[in-house]
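Each ligand, and each atom within it, is numbered from 1 in the order the structure gives.
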Amino acid sequence: MVGLQAENLAVNDGPLTAENAALLRPSSPSLPLSELRERYEADGYLFLKQVLPRQDVLDARNAYFSSLKETGVLKPGTTPVEGVFDPAKSHLDYPGIGAGHIGGNGKPGGEQAAAFVDLALDAHYQEWYDKFCNHPALYDFVARFADWGKNTLNLKRTLLRNNIPGSKPIGVHYDQIFLRYGDPTSVTAWVPMGDVKINGGGLIYLEDGDKIGLELEESFFRKAKQAGLSDEEAKSAFNTNMMATGLLSEFPAEFAKDHGKRWLVSEYEAGDVVLHKPHMIHASTINHDPDNVIRLATDLRFCDSSKPYDKRWMNSYRFNDGV
Ligand SMILES: O=C(O)CCC(=O)C(=O)O
Ligand SMILES: [Fe+2]
């Protein structure tokens with residue numbers, strides 16, 4: 001495995017090296033549940049190796065890129081499942097949904113990009129995608145892990161994120177900001193759809209990020225209350241204390257340094273899934289895959305339907321859906 005010395009392992013504002021990064025801790029899904037739960041509580045994440053059948057993930061990757069092929073995004077002579085970006089093209093003409101921007105989630109790109117963006121959105125409504133998002137291997141695992149049984153609800157709103165090499169990755173955030181009408185017990189499952197090299201644009205987690213996220217949330221709430229808002233208003237006012245997009249920062253390296261923490265990084269294999277807590281701070285690296293492989297991933301969110309959950313997440317993703 002290529003470790004932290006991988007060439008060009010970087011975030012928006014600079015390189016990740018042994019100075020400011022370390023490796024994510026992998027866990028086998030067959031470990032005792034008590035051990036897996038302890039890790040999730042202590043780390044804020046649980047990096048599950050091979051919890052989905054690899055071939056099912058590759059089939060979904062194949063379906064996705066087959067549907068986008070006609071836009072010319074793929075390198076001639078390569079197969080859809082490889083998902084190799086055509087080096088003759090500019091990533092600006094293939095903007096990723098939900099990559100550089102969340103919160104203000106309007107349609108990215110101009111005229112030139114429209115066909116690609118429309119098809120990338122369309123994928124969210126395909127049968128193969130619905131099946132993938134509801135894969136019993138993951139659903140059953142989460143139902144047991146969270147101990148929610150039949151109350152385990154897989155929220156319908158998901159984002160299929162295609163990070164083309166060189167495009168702008170998502171900034172620093174925690175998910176509760178976007179699920180703020182729900183109980184803060186939801187579980188996000190970040191699902192890479194294909195192998196992702198360590199410098200191929202995978203998700204990264206801040207060491208002790210759950211604790212820091214919780215502290216930030218409390219301070220946002222305090223500030224909103226001090227400004228004279230009611231509890232309900234304070235909830236929706238979190239955004240007024242941060243960037244308009246709901247992000248905490250566009251500069252992961254600086255953010256980690258300011259908090260005296262490192263980013264935890266990894267390569268991922270098709271079939272791996274990372275579960276993370278609603279206040280766990282994360283971001284993404286820039287896709288610098290040396291073979292120009294497009295990083296594709298989706299994020300699924302599970303919650304306990306017997307508790308309040310964010311109803312805005314019960315519809316499939318649309319542009320400008322206000323989340
Ligand atoms: O895939 C990404 O770049 C972002 C994913 C994310 O933020 C999440 O799964 O919560
Ligand atoms: Fe997130």
Checklist entry - Does the separation of the ring centres of His91 and Phe85 fall below 6.0 angstrom? => result no
Next on the checklist: Any N/O/S atom from Asp175 (main chain or side chain) under 2.8 Å of the Fe ion (ligand 2)?
Outcome noted: yes
Item to check | the Fe ion (ligand 2) to nearest N/O/S of His276 below 2.8 Å | outcome: no
Item to check | Mode of Arg295 contact toward ligand 1 - side chain, backbone, both, neither (heavy atoms, under 4.0 Å) | outcome: side chain
Checklist entry - Under 4.0 Å from ligand 1, counting heavy atoms only, is it the side chain of Leu203, its backbone, both or neither? => result side chain
Next on the checklist: Looking only at the side chains, is there a donor atom on one of Ser284 and Arg295 sitting less than 3.5 Å from an acceptor on the other?
Outcome noted: yes
Checklist entry - Hey, is ligand 1 close enough to Asn163 that some N/O pair sits below 3.5 Å? => result no
Checklist entry - Is the closest N or O pair between His282 and ligand 1 shorter than 3.5 Å? => result yes
Taking [X] for its side chain and [Y] for its backbone only, find out whether a donor-acceptor pair lies under 3.5 Å.
X      : Y      : answer
Asn134 : Asp130 : yes
Asp175 : Thr188 : no
Asp208 : Lys211 : no
His173 : Ile281 : no

Item to check | Residue of the set Arg262, Arg25, Lys261 for which salt bridge (Lys or Arg N to Asp or Glu O under 4.0 Å) holds with Glu207 | outcome: Arg262
Can you name the atoms of ligand 1, numbered from 1 with element, that are less than 4.0 Å from a heavy atom of [X]?
X      : answer
His173 : 7 (O)
Ile170 : 3 (O), 4 (C)
Thr188 : 9 (O), 10 (O)
Asp299 : 5 (C), 6 (C), 8 (C), 9 (O)
Asp175 : 10 (O)

Checklist entry - Tyr45 vs Tyr205 aromatic rings, parallel, tilted or perpendicular, using cut-offs 30° and 60°? => result parallel
Checklist entry - Of all the heavy atoms in Arg301, does at least one lie under 4.0 Å from an atom in ligand 1? => result yes
